[in-house]
Amino acid sequence: MTGVLVLVGTLVLATVAGLVMRSRNGRVRTTAATVATVATSDLPADITSVLAPGGVTLVQLSTTFCAPCRHTRVLLSDLASRTDGLHHTELDLTERPELAKELAVLRTPTTLAVDRSGTEILRVGGVPRRDELLAALQPHLT
Amino acid sequence: MSAGPSRVDPRGPRFAAWVTTAVLAVVLVTGWWPLLAAQAVVFAIGAFAGFGVAPYSILYRTFVAPRLGPTDEREDTAPLRFAQGVGFGFAVVGVLGYATGLTALGTVATAFALAAAFLNAAFAFCLGCETYLLIRRFTPTKERALR
């Protein structure tokens with residue numbers, strides 16, 4: 001009897017979790033901390049060192065064991081090649097969990113959009129939604 | 001870790017996740033641990049021998065794929081095999097729990113594996129893959145101590 005209850009409970013919880021994750025997946029997030037940050041960069045050097053000299057850089061954080069990272073790579077590199085002032089670079093966090101901790105990244109892919117001053121504009125968890133991402137980046141380009 | 005194809009039809013793992021969900025549901029309801037042990041072996045084959053010989057993959061290729069028609073879509077197997085390894089871990093803990101009379105432990109471990117399999121089947125969300133980073137974040141001290 002306990003087993004049946006656990007089974008039903010697990011399926012209900014998993015369904016709720018799945019629906020929540022589906023709705024949040026690929027959504028652009030601008031955190032309060034990000035908005036409050038002034039021009040000075042507080043991102044670790046591992047990130048600021050890979051930024052393109054001008055415009056906005058999409059820093060994609062990936063791991064080896066990550067299928068959606070591949071889809072994200074294809075989407076972002078295409079977006080960057082078609083958009084003036086937008087660049088795409090990828091960092092592998094597989095061997096660097098401490099960097100994930102520093103950036104408060106819980107899952108891959110997570111994409112950070114960083115402007116030329118090294119300030120994080122927004123971040124996206126999961127495969128980004130192309131139009132939504134582009135719209136959010138537009139004010140920061142040029 | 002090199003046997004089996006490096007890329008597979010993505011519908012295969014979804015089918016396997018549904019079969020896994022069904023098997024784990026039966027284990028939860030009946031508490032019959034030999035079935036969980038069999039599922040642990042299936043996980044182990046997927047994780048360590050690859051999808052070329054994984055039982056549910058063979059089922060898919062033999063009975064399901066011919067009815068669905070071909071697809072050009074392919075998915076990397078490295079994340080999937082990692083997730084099978086995570087499933088194997090939970091299944092082993094579950095078997096130990098049930099077999100030693102710690103039924104609560106067996107139930108909880110099976111429920112976790114079921115939740116992961118169900119999320120994969122119903123939402124195409126690979127919990128084992130996505131939480132890889134999380135697992136790494138919370139286990140670095142042990143690895144550093146070993147170095």
Side-chain angles (χ1 to χ4, degrees), chain A residues 1-27 60-74 90-112 123-127, chain B residues 7-8 10 13 21-22 24-32 73-86 98 103-104 106-141 143-144:
Chain A
M1 192 56 208
T2 316
V4 176
L5 291 178
V6 173
L7 170 64
V8 172
T10 304
L11 291 181
V12 168
L13 280 180
T15 303
V16 171
L19 291 173
V20 169
M21 284 187 292
R22 181 183 276 174
S23 73
R24 291 186 52 179
N25 206 23
R27 276 278 147 84
Q60 180 189 337
L61 306 167
S62 303
T63 45
T64 314
F65 301 108
C66 166
C69 291
R70 239 165 29 88
H71 302 297
T72 303
R73 182 185 313 138
V74 173
E90 196 172 353
L91 268 184
D92 194 324
L93 295 185
T94 309
E95 299 304 326
R96 306 153 88 175
E98 71 286 345
L99 186 57
K101 194 167 190 174
E102 204 170 337
L103 293 167
V105 167
L106 297 181
R107 56 181 289 213
T108 55
T110 292
T111 303
L112 311 179
R123 58 173 62 191
V124 184
V127 181
Chain B
R7 311 187 75 192
V8 292
T21 301
L24 293 174
V26 172
V27 172
L28 264 187
V29 172
T30 60
W32 190 49
E73 241 185 280
R74 287 293 178 269
E75 190 172 0
D76 271 342
T77 52
L80 302 170
R81 289 178 61 172
F82 174 76
Q84 293 286 302
V86 175
Y98 281 120
T103 313
T107 306
V108 169
T110 308
F112 271 105
L114 171 71
F118 177 73
L119 280 174
N120 195 355
F123 295 95
F125 190 87
C126 178
L127 202 62
C129 314
E130 301 240 4
T131 55
Y132 175 74
L133 199 59
L134 210 57
I135 295 167
R136 283 299 305 258
R137 270 180 62 173
F138 289 108
T139 51
T141 37
E143 282 181 25
R144 276 183 203 135

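What's counted below: heavy atoms across the whole structure, side chains too, no hydrogens, waters or symmetry copies. Chain A is the first sequence line, chain B the second, and so forth, proteins listed ahead of strands; every chain is numbered from 1.
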Exercise: identify the closest heavy-atom pair between [X] and [Y]:
X: B:Pro79; Y: A:Cys66; result: CG-N, 3.4 Å
X: B:Leu28; Y: A:Leu7; result: CD1-CA, 3.7 Å
X: A:Thr15; Y: B:Phe123; result: O-CZ, 3.7 Å

message: Tell me whether the count of non-hydrogen atoms from other residues, nucleotides or ligands lying under 6.0 Å of CZ in B:Phe82 goes above 12.
response: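 Enclosed.
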task: Tell me, yes or no, whether the heavy-atom count around A:Arg24 atom CZ, taken from other residues, nucleotides or ligands under 6.0 Å, exceeds 12.
output: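 Atom CZ in A:Arg24 is not crowded, with 12 or fewer foreign heavy atoms closer than 6.0 Å.
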Proximity breakdown for [X] and chain B, heavy-atom pairs closer than 4.5 Å:
X: A:Thr2; value: neither
X: A:Leu5; value: neither
X: A:Leu19; value: both
X: A:Pro68; value: side chain

task: Output all residues satisfying salt bridge (Lys or Arg N to Asp or Glu O under 4.0 Å) with B:Glu75, sequence neighbours left out; order by chain, then residue number.
output: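 Partners of B:Glu75 by the salt bridge (Lys or Arg N to Asp or Glu O under 4.0 Å) criterion come out as none, since no residue qualifies.
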field: Qualifying residues under salt bridge (Lys or Arg N to Asp or Glu O under 4.0 Å), relative to B:Arg7, sequence neighbours excluded
entry: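 Only B:Asp76 meet the salt bridge (Lys or Arg N to Asp or Glu O under 4.0 Å) criterion with B:Arg7.
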message: I'd like to know which of A:Leu93, A:Val4, A:Thr108, A:Leu106 tops the heavy-atom pair count under 4.5 Å against chain B.
response: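 Looking at each option in turn, the highest pair count goes to A:Leu106.
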Spacing of CZ belonging to B:Phe125 relative to CG belonging to A:Asn25, to within rounding of 0.5 Å: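 Here the interatomic distance stands at 6.5 Å.
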message: Just verifying a value: how many Å separate B:Leu119 CG and A:Arg22 CZ, rounded to the nearest 0.5 Å?
response: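 The CG atom of B:Leu119 sits 10.5 Å away from the CZ atom of A:Arg22.
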task: Pick one of side chain, backbone, both or neither for B:Ala122, based on which atoms fall under 4.5 Å of a heavy atom in chain A.
output: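 Looking at B:Ala122, just its backbone touches chain A.
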message: Tell me which of these, B:Ala116, B:Ala78, B:Cys126, B:Ala124, has more heavy-atom pairs under 4.5 Å with chain A than the rest.
response: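 Winner by heavy-atom pair count: B:Ala78.
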message: A:Val6 vs B:Leu114, test: side chain to side chain contact (heavy atoms under 4.5 Å, CB included). Steps then yes/no.
response: CA-CA 10 Å; A:Val6 173; B:Leu114 171 71; over 6 Å; no
